[in-house]
Amino acid sequence: MAVIEHPYRDLDGGRWLMGNLHTHTTRSDGQREPQAVIDDYAERDHGFLMLSDHDMFTSAEDYAACDAGGMILVPGNEVSANGPHMLQVGGDRLVEPHAERQKVIEDVEACGGFSVFNHPSWFANFDHCPQELLERCQGYAGIEIYNGVISFLEGSPYATNRWDLLLTAGRRIWGFANDDSHHAQGNVGLGWNVAYVRDETPEGVVEALRQGRFYASTGVEIIDIEVDGESIVVETENAHRIVALQQGAKRFAQVDAPSIEVEIPADARYVRFECWGYGESFAWTQPFFVG
């Protein structure tokens, strides 16, 4: 029997919280003060938020001057200078934006955070972050498979193809969805991450995300994920189609229903699920790795 390794084991002792890790304020190129941004996300029922101004670390001390509105505020930074943009999620200090992004990843890890490569398919050539760099770098947690603001710029907001290339090559990385909001009009509530958080602190959110205990969404809500032997069940609140994919993004199962149950194909090295709703509402599970 195949062994399935996945991040959705032992979902007890916590709760699901939605949150955004990529947003900007007047501390860099955003149009709103930090408190206005925090208020906006709190009103949208987010459970956690990270302000990620460009090469500007927002610390726990910075947040202490703000009203969190009931959210968990995660320290962070968008490493922007000298190369493709990356999120520093968590940690206790600003890291230098080294041109060698592997050094950035190591520095973020050393200060207690993790790294995510942002909007890989931005720009007219769909190559803000070259695939060669994603393949060469080690130790980062994942990539943005959806970045909302790129919908209004050249390139694609989606990068699931980049993700499948890495997964097919044997890499174990997670897929994130974020707004990358810079202003209020049309930039907020586009994409988010729903994490199962046991310790409702910034460190607890970072731990849940680092372990992949979340799914990414633009509007579809997943309400249950179960693994029994070589069978996986994914149940949603509002999907109208669910597709199951394996290496090479090969679709091996599809249902036009809010839930799906599949048996792992004998040749699968990983599987993941895309849950499709109306319009551009999606949810993406993290990969299930088959050993």
Side-chain angles (χ1 to χ4, degrees), residues 20-24 28-29 50 52-56 76-91 94-111 113-182 190-191 193 209-210 212 216 218 245-250 269-270 272 274 282 284 286-287 289:
N20 179 57
L21 300 172
H22 194 169
T23 189
H24 299 278
S28 63
D29 60 347
M50 187 179 90
S52 59
D53 284 302
H54 296 283
D55 299 313
M56 178 75 65
N77 163 40
E78 183 172 15
V79 180
S80 304
N82 303 320
H85 295 188
M86 306 170 67
L87 290 180
Q88 172 191 350
V89 181
L94 180 71
V95 299
E96 292 297 317
H98 300 286
E100 178 46 68
R101 285 326 202 202
Q102 182 62 49
K103 175 62 172 169
V104 172
I105 294 167
E106 293 166 1
D107 287 354
V108 170
E109 189 71 23
C111 76
F114 66 80
S115 301
V116 176
F117 278 99
N118 293 343
H119 39 60
S121 299
W122 183 24
F123 295 160
N125 64 355
F126 299 85
D127 203 28
H128 170 75
C129 186
Q131 194 70 16
E132 178 276 330
L133 180 66
L134 295 175
E135 293 172 355
R136 174 164 50 85
C137 286
Q138 302 289 326
Y140 61 96
I143 67 173
E144 286 184 333
I145 57 172
Y146 176 82
N147 178 290
V149 79
I150 305 303
S151 300
F152 310 103
L153 303 173
E154 291 185 316
S156 174
Y158 300 100
T160 55
N161 58 332
R162 304 292 207 91
W163 193 25
D164 280 306
L165 284 169
L166 292 164
L167 294 172
T168 299
R171 302 294 295 274
R172 296 196 172 194
I173 63 170
W174 312 128
F176 294 79
N178 290 310
D179 284 339
D180 196 0
S181 64
H182 289 72
L190 301 174
N193 307 285
L209 295 167
R210 185 196 298 274
T218 60
L245 305 99
Q246 64 180 93
Q247 61 268 16
K250 177 184 175 182
R269 300 196 299 273
Y270 75 87
R272 65 177 186 85
E274 294 186 354
F282 298 99
W284 299 271
Q286 300 309 322
F289 298 103

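We count residues from 1, following the sequence as given.
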> Is any side-chain heavy atom of Leu167 less than 4.5 Å from a side-chain heavy atom of Gln247?
Replying inline: no
> Taking only residues two or more places apart in sequence or in another chain, which ones pass salt bridge (charged side-chain N to carboxylate O under 4.0 Å, His left out) with Asp29?
Replying inline: none
> Looking at side-chain heavy atoms only, is the closest gap between Val108 and Val95 below 4.5 Å?
Replying inline: yes
>> Could you work out, with ring-ring contact (aromatic ring centres under 6.0 Å, His included) as the rule, every residue matching His128, not counting sequence neighbours?
In response: His85, His119, Trp122, Phe123
> Can you find a pair of side-chain heavy atoms, one from Tyr270 and one from Leu245, that are under 4.5 Å apart?
Replying inline: no
> If you take all heavy atoms of Tyr158 and Ser121, which pair is closest and at what distance?
Replying inline: O-OG, 3.4 Å
> What residues form a side-chain hydrogen bond (donor to acceptor under 3.5 Å, both in side chains) with Asn20, not counting sequence neighbours?
Replying inline: Tyr41
>> Can you list everything that forms a salt bridge (charged side-chain N to carboxylate O under 4.0 Å, His left out) with Glu106? Sequence neighbours excluded, please.
In response: none
> Is the distance between the ring centroids of Phe176 and Trp174 under 6.0 Å?
Replying inline: no
> Got a donor-acceptor contact below 3.5 angstrom from the Gln88 side chain to the Gly90 backbone?
Replying inline: yes
> By ring-ring contact (aromatic ring centres under 6.0 Å, His included), which residues pair with Trp163, not counting sequence neighbours?
Replying inline: none
>> Can you list everything that forms a side-chain contact (heavy atoms from CB on, under 4.5 Å) with Ala81? Sequence neighbours excluded, please.
In response: Asp55, Pro97
> If you count the non-hydrogen atoms of other residues, nucleotides and ligands that lie under 6.0 Å from CD in Gln131, is the total more than 12?
Replying inline: yes
>> Can you tell me how far apart CD (Glu274) and CH2 (Trp284) are? Round to the nearest 0.5 Å.
In response: 7.5 Å
>> Treating Arg101 as the side-chain partner and Gly83 as the backbone partner, does any N or O pair qualify as donor plus acceptor under 3.5 Å?
In response: yes
> Asp164 versus Asn161: any side-chain heavy-atom pair under 4.5 Å?
Replying inline: no
>> Show the nearest heavy-atom pair for residues Pro84 and Leu133, with the distance to one decimal.
In response: CG-CD2, 3.7 Å
>> Has Gln286 got a side-chain atom pairing as donor or acceptor with Gly175's backbone, closer than 3.5 angstrom?
In response: yes
>> Show every side chain to side chain donor-acceptor pair (under 3.5 Å) that has at least one partner inside residues 137-153, sequence neighbours left out.
In response: His22-Glu144, Glu144-Asn147, Glu144-Asn178, Asn147-Asp180
>> Can a donor-acceptor pair be found, under 3.5 Å and without considering hydrogens, that links the side chain of Thr160 to the backbone of Ile145?
In response: no
> Who passes side-chain contact (heavy atoms from CB on, under 4.5 Å) against Glu132, sequence neighbours left out?
Replying inline: Arg136
> Considering residues at least two apart in sequence or located in another chain, which fulfil the salt bridge (charged side-chain N to carboxylate O under 4.0 Å, His left out) criterion with Lys103?
Replying inline: Asp107
>> Tell me every residue that passes salt bridge (charged side-chain N to carboxylate O under 4.0 Å, His left out) with Arg171, counting only those two or more places apart in sequence or in another chain.
In response: none
> Are His24 and Ser52 side-chain neighbours, meaning at least one heavy-atom pair lies under 4.5 Å?
Replying inline: yes
> Sequence neighbours excluded, which residues qualify as ring-ring contact (aromatic ring centres under 6.0 Å, His included) partners of Phe152?
Replying inline: none
>> What I'd like to find out is whether the side chain of Leu21 reaches to under 4.5 Å of the side chain of Leu209, using heavy atoms alone.
In response: yes
> Quick one: ring-ring contact (aromatic ring centres under 6.0 Å, His included) partners of His98, sequence neighbours excluded?
Replying inline: none
